[in-house]
Amino acid sequence: MRFTFSGRNYNVTDEIMEKCEKKLKQRLSRLFPENAEAHVALSTVKQENRAEITIPLRNRILRAEVSANDMLAAIDLATDALDKQMVKYKNRVRDRSRRDSTYRDEALAFSVTDADAGLSDGRDDIKIEKTKRFALKPMDPEEAVMEMELLGHGFYMFRNSLHDEVNVVYKRNNGSYGLIEPEY
């Protein structure tokens, strides 16, 4: 596993980098392919320390962003979150590979056995509680943001009138808005 570190309003010392690498290797190296790369961004916002760890995989990006009073505690919490995400991801890949042979290559990329990773079925924690259906109205992104705000939701799916594709607008943590467009 390779690491890249960056700091925003935080001086990333060699000691912190070593402790972070050791923690991530200790907890996650058994779950990730050997060539995985972890991007670790450490920052201080007001009086909270924030650890943001991103690990791009072939078909997915795993990401955890956690704030805590202590930077090492934030790194521990982010590592825990990534551990859970990876176990869920491996369960899904394993289950898909059993049903559909096109997923076998992806499943083989993980050489860890179920017992080594402590993997369970993984279906118990995902329950779709409600399904909604609605017509996708053609509108521009600004109109979609107004609709989202009127409904009091955190996101809104719509058909973009500029290029007739399904898009999503969402409210970001900092209060601004984001737009998700499909990439083919």
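Bear in mind the structure is a predicted one, so any value in this text is a computation, not a measurement.
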Worksheet item: What's the verdict on salt bridge (charged side-chain N to carboxylate O under 4.0 Å, His left out) for K19 and E15, showing C-alpha distance, side-chain angles and the deciding distance?
Response: CA-CA 6 Å; K19 286 183 178 181; E15 180 184 359; 3.1 Å; yes
With side chains defined as the heavy atoms from C-beta onward, is the minimum distance between [X] and [Y] less than 4.5 Å?
X: M146; Y: M139; answer: no
X: L82; Y: I55; answer: yes
X: L62; Y: T54; answer: no
X: N9; Y: V45; answer: no
X: E149; Y: Y156; answer: no
X: Y184; Y: E165; answer: yes
X: D76; Y: K23; answer: yes

Report yes or no: do [X] and [Y] belong to one cluster of Ile/Leu/Val/Met/Phe/Trp/Tyr joined by side chain heavy-atom distances under 4.5 Å?
X: V40; Y: I16; result: yes
X: V66; Y: V12; result: no
X: V87; Y: I53; result: yes

Worksheet item: Hey, is CG on D70 packed in by over 12 heavy atoms from elsewhere, all under 6.0 Å?
Response: yes
Practice prompt. Please say whether more than 12 non-hydrogen atoms of neighbouring residues, nucleotides or ligands are located less than 6.0 Å from CG in N174.
Written response: yes
Fill in: Donor-acceptor contact present, side-chain Q85 to main-chain R63, <3.5 Å
yes
Fill in: Side-chain donor or acceptor of T79 paired with backbone N/O of I75 under 3.5 Å
yes
So how far is it from [X] [atom1] to [Y] [atom2], rounded to the nearest 0.5 Å?
X: E21; Y: D14; atom1: CD; atom2: CG; value: 10.0 Å
X: L72; Y: L77; atom1: CG; atom2: CG; value: 11.0 Å
X: Y170; Y: I180; atom1: OH; atom2: CD1; value: 5.5 Å

Which atom names give the shortest non-hydrogen contact between [X] and [Y], and what distance separates them?
X: M71; Y: S43; answer: CE-O, 3.6 Å
X: T4; Y: E37; answer: CG2-OE2, 3.8 Å
X: L179; Y: F158; answer: CD1-CZ, 3.9 Å
X: N69; Y: N49; answer: O-ND2, 2.7 Å
X: V166; Y: P182; answer: O-CD, 3.2 Å
X: T44; Y: Y10; answer: OG1-CD1, 3.3 Å

Fill in: M148/Y177 under side-chain contact (heavy atoms from CB on, under 4.5 Å): CA gap, chis, key distance, verdict
CA-CA 11 Å; M148 176 183 70; Y177 300 99; 3.5 Å; yes
Item to complete: Let me see the working for R8 and E52 under side-chain contact (heavy atoms from CB on, under 4.5 Å), right down to the final yes or no.
Response: CA-CA 11 Å; R8 283 175 258 143; E52 180 181 319; 3.9 Å; yes
Worksheet item: Side chains of R50 and S67: donor-acceptor distance under 3.5 Å anywhere?
Response: yes
Discussion item. For the residue pair S161 / D140, report whether a side-chain donor-acceptor contact shorter than 3.5 Å exists.
Written reply: no
Item to complete: Begin with the C-alpha distance, continue with both residues' side-chain angles, and end with the deciding distance and a verdict on side-chain contact (heavy atoms from CB on, under 4.5 Å) for F5 and C20.
Response: CA-CA 10 Å; F5 288 90; C20 185; 3.8 Å; yes
Item to complete: Decide side-chain contact (heavy atoms from CB on, under 4.5 Å) for M157 and F134; before the verdict, give the C-alpha distance in whole Å, the side-chain angles of both, and the deciding distance to 0.1 Å.
Response: CA-CA 10 Å; M157 185 170 31; F134 60 94; 4.1 Å; yes
